Every structure is written in structure tokens, then in C-alpha cells.
Amino acid sequence: MQQRENRLQKIIALALVLAVVCGVLSACGGNAKTGWRAREVTVIDDNYRTWYEIFVGSFYDSDGDGMGDLQGVISKLDYIEDLGFNGIWLMPIMPSNSYHKYDVKDYMAIDPAYGTMEDFDQLAAACNERGIKLIIDLVLNHTSPDHAWFQEASSYLASLGPNDEPSAAECQYYGYYNFSKGNPGSDAWYQVGSTDYYYEGQFSPEMPDVNFESQELRKDFEAVMDFWLEKGVGGFRLDAVKEFYSGATSKNVEVLSWVNGHVKSVDPDAYIVGECWDALPTYAQYYASGVDSFFDFEFSGSTGVISKTLNYTGADNSAQAYAKTLVRVQNAIREYREDAIDAPFFVNHDMARAAGYMSHDARKVKMGAALNVLMSGSAFVYYGEEIGMAGTGKDENKRAPMYWSADAGAKGMTNGPADMEPQENRFACAEEQMKAEDSIYSFYKDVILLRNQNPEIARGTVARLEEVEDLDIAAISKTYDGTTIYMLYNISETDEKQVDMQQYGELEIAGYLSVDGGEVVMEDGTVTLPCYSVVVLR
Ligand code: CA
């Protein structure tokens with residue numbers, strides 16, 4: 001009797017606790033996390049992060065002039081942090097003649113269109129306070145022709161008599177660029193004013209290439225790096241690294257070793273990611289420089305592995321092939337640097353937006369997010385991808401205004417690049433998607449949460465589970481710091497799948513994603529995955 005009473009008391013107590021918990025949950029409204037989402041997030045302060053790439057001019061306008069600005073980024077830090085990002089890459093913010101600002105006029109200033117240096121200080125401090133690492137685009141390959149260095153060199157050349165030999169000893173800035181008397185005959189050379197001299201501009205006449213042979217130039221660039229590191233940036237995104245010496249990998253690796261060595265001597269924890277837009281066998285070689293990361297072009301773009309896995313048929317584009325490529329890329333980059341940090345991304349500012357590759361099919365857009373963000377390394381997401389924005393054709397279209405609101409006149413909305421063609425977004429604006437549990441936005445948030453809850457996802461060494469033979473299943477393990485997790489991706493658009501995981505030990509579901517909201521369940525060691533789903537087992 002006494003026992004029964006005790007049990008009854010316990011049941012009543014439990015019911016009370018449940019009632020209180022439910023009350024708290026309902027009081028929190030839709031923000032209460034339940035199921036796997038309630039698990040703890042383990043944040044490790046290292047360089048395996050989830051990064052948000054921002055084109056400042058199209059992001060958020062704080063003062064109503066239609067131009068996105070640094071204060072706008074500050075006011076959206078809550079949005080970025082709430083999605084789970086702990087890194088931000090700002091595309092160029094320095095004074096420039098172009099809307100994209102990849103032609104720098106002054107490496108130690110802020111373009112007035114974006115705000116002031118005080119705004120930047122404020123942004124850097126706010127990011128540091130939140131544990132968000134802030135990196136900025138550093139364009140070393142070329143300057144603007146309006147940079148003081150180029151102006152000095154041009155004036156010097158104009159001052160020479162017909163028989164004078166130019167020399168860097170007379171004008172150090174002459175040595176900062178590649179000049180030639182007479183046109184060397186290639187498309188990439190342009191006349192200096194009305195002189196007999198020509199300069200190299202691999203990208204355009206508005207982007208004269210610098211000459212890394214000049215030690216004075218290197219000293220000046222070191223001062224630039226010091227300046228920004230002192231400002232509180234956590235590192236740099238290096239533009240166009242394979243054009244430093246176009247076509248000469250070993251020379252480019254030497255330049256990168258110098259940059260990396262200098263930056264790390266100032267801040268050993270700084271993070272550097274380089275843009276070597278090339279195939280895997282080439283960008284893998286660049287890891288020999290010691291630079292932490294290079295963007296993983298193998299997986300990105302309309303013809304990359306992620307798009308192929310979702311859009312193409314056949315064994316070569318299967319889920320299993322995706323798993324094989326994860327291992328192949330990892331091994332290829334580790335051949336050049338054992339602690340290489342891969343930098344996976346799906347699209348960036350130079351590529352058409354992902355939704356267009358997938359005919360604006362929300363299920364595929366969501367699955368693409370999982371295939372990108374759950375990769376090992378430092379994962380990058382271009383602003384607007386989290387709401388499936390549209391953007392294709394000319395570059396300006398790929399950098400369209402962040403679609404915060406359906407009302408183009410709403411607070412914060414930017415005008416976008418002047419020559420942009422109107423882009424028709426097929427999915428709802430951020431404001432709407434944030435309220436919907438089944439939106440692309442909410443899916444992105446879940447993907448990043450799953451990544452943040454399981455440190456092995458970003459940091460683990462990948463191996464393929466060869467015993468799982470189904471072509472529609474990518475079956476992998478990730479091992480980090482003595483712990484192994486297992487991940488299964490069902491990349492079938494239509495079929496539920498079952499995978500027997502008993503041979504891998506006593507596992508439990510740590511979390512899962514499914515594009516239709518269906519559950520992943522495990523019974524007697526067999527996992528049942530709805531179509532287009534991913535599960536993490538540990
Ligand atoms: Ca503005």
C-alpha cells in the first residue's frame with residue numbers, strides 16, 4: 001500500500017513537471033526546440049566554422065539611400081547568428097570605382113558608400129563579442145588604376161624622355177606593376193596614358209596586375225594585413241590566387257606562403273581561405289602554401305558534384321558517388337597539407353544561384369543545402385541561398401538585393417547593382433520564410449544546427465561505409481578526437497530506404513533532416529529514411 005502510494009506520488013510529481021515544461025514550451029511559442037533540436041550545441045572556437053558570405057551593397061541598407069552598408073550588416077547580426085553561422089566573409093569593402101569593389105583604390109579605408117571606419121570598428125567589435133569570426137576580402141592580385149601606387153608609376157613613366165630607362169630604384173611604384181615598353185601583343189596589356197608603356201591587366205584595364213617580385217610592394221601589403229588584423233578581423237579571403245603569376249602554380253604557392261606566414265606571425269589563430277578557381281588536382285596543390293583553406297570548386301556550381309548528385313542520373317552521379325567524392329577530395333588535399341581545412345560551398349557571387357540549377361524545386365534546394373553544409377571543413381553559404389533566391393545571367397544579377405521583404409520599399413531593402421536585370425524570386429521573402437517551419441530558411445537553420453551539435457561533422461575524417469551498397473544512399477563515418485559518428489543520406493527523390501546499421505555498434509539517432517518533414521526512425525539497428533533525408537547516428 002505504502003509502495004503504491006509512493007508510486008502514485010511520483011506519477012503526480014512527474015505529471016506536474018510535464019505540465020510545467022509544456023507550459024514553458026508553449027509560452028516560448030514556436031521557438032521552443034523539441035526532439036533532436038533540443039540537444040546541446042557544442043561550439044568549438046577554431047577555424048572549422050559555418051560562414052555567411054555577404055555582398056554588403058545588396059545586403060541591408062541602414063540609412064535609406066538604397067545602398068547596403070556596414071551598419072546594415074550590424075543590424076542583421078541577430079539574423080545571421082540565429083541561423084547558426086559563426087563566421088562572416090565580407091566581399092570587398094575598400095574604396096573602389098566599381099559596384100563590386102574588386103578594384104581597390106586604398107587598402108586601408110572603407111568605401112564611403114558602405115560607411116566609415118568607425119562603422120567597421122563597430123562591426124568587428126560586435127562580431128567578436130558574439131564569437132563570430134569576421135574575414136574580409138583581400139584583393140592582392142591587382143589594384144585599381146586609381147590607386148596611388150599606379151598613379152605614381154604612371155606619372156613617372158610619363159616624365160621619362162624617349163631614351164630614359166625606367167627603374168624601380170628611381171620610382172619604387174614602377175616596380176609594383178608589370179610594365180612593358182611597347183605592346184607585348186597580348187589582349188591583357190593596356191597603354192599607360194599616352195606613353196609608349198603598357199601594363200598588364202589580366203582581368204580588365206581597370207585591374208592592373210601587381211608584381212610580387214617587388215619587395216617594397218610586399219612590405220606595403222604586410223602593412224595592409226597588419227592594419228586589418230589590428231582592427232579585429234579574424235583573417236582574409238584571398239581573391240584570384242592563381243593569377244598572382246598566371247599559370248605558375250609553384251610561384252603562386254610561394255606568394256601564398258609569404259602571406260600565410262606573415263598573417264600567422266601576427267595572429268596564429270587567423271583563418272585564410274583562397275580562391276583558386278580550378279579543378280581539384282590544381283587547387284589541392286595550393287595547400288602546400290600552408291593557407292588553411294581553398295574553396296572546393298569540385299562540389300560547386302551548376303555542373304559541380306552537388307548539382308550533379310541532385311539532377312543527373314546514373315551511378316556516376318549517385319548518392320554513393322557523392323560519398324566517394326567526399327573521400328577522394330579529402331585525400332587529395334591532405335596529400336599537400338595534413339591539416340587542410342576543406343572550404344565547401346555550393347555557389348558564390350560569381351555563380352548563378354543554386355535554386356535555378358534545380359528548377360526552383362524546394363525539395364532539391366533543401367537537399368542541396370544538406371549536401372553542402374554538412375561537408376567537413378569550413379562551409380560557406382552565400383547570402384540569400386538560405387531563402388532560395390533567384391539570380392542568373394550577368395554578374396550583377398547574381399548579387400541582387402537580399403530579399404528581406406516582398407515590399408521593395410520596406411526598411412533595409414537595397415536597390416542592387418545599377419545594371420542588374422530584374423530577378424524573379426520564386427520563393428517567399430525572408431520575413432515570410434522565418435515564420436514557416438517547412439521553409440527553405442527553416443531547413444537551412446536545421447542543417448546548421450545539426451552541424452553545430454555534432455563537432456565531428458565539420459572536423460571529422462570521412463570514410464565511406466562500403467558495406468552499404470544502395471546507390472541512393474551516401475553512407476559515411478566521420479571521426480574526430482576519438483569519436484566516430486555515422487551519417488546516412490537518402491538522396492532518392494521518391495523512395496523510402498532502410499539501412500541495417502547493426503554492424504557499426506550500438507547507435508542512436510542524434511538528429512536528422514528530411515525535406516518533407518517525415519521522421520527518420522531506428523528499430524533493432526535498422527534505420528528507415530524517408531526520401532531526401534539525412535540522419536546522424538552516434
Ligand atoms: Ca545605405
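The first residue in the sequence is number 1, and the count goes up from there. Predicted model only: the values in this text are computed from it and were never measured. Both counts, for ligands and for their atoms, begin at 1 and track the order of listing.
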Would you verify whether the NZ or CZ of [X] falls within 45 degrees of the ring axis of [Y] while also being under 6.0 Å from that six-membered ring's centre?
X      : Y      : value
Lys76  : Trp404 : yes
Arg37  : Tyr512 : no
Lys101 : Tyr114 : yes

For the CG atom of Leu134 and the CH2 atom of Trp51, what is their distance to the nearest 0.5 Å? 8.5 Å

Heavy-atom distance under 4.5 Å between the side chains of Ser96 and Ser144, does that happen here? no

Report the relative orientation of the aromatic rings in Trp258 and Phe221; use parallel for angles under 30°, tilted for 30 to 60°, perpendicular for over 60°. tilted

Enumerate the protein N/O/S atoms at a distance below 3.0 Å from the Ca ion (ligand 1), ignoring waters.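 The answer is Asp61 OD1, Asp63 OD1, Asp65 OD1, Met67 O, Asp69 OD2.
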
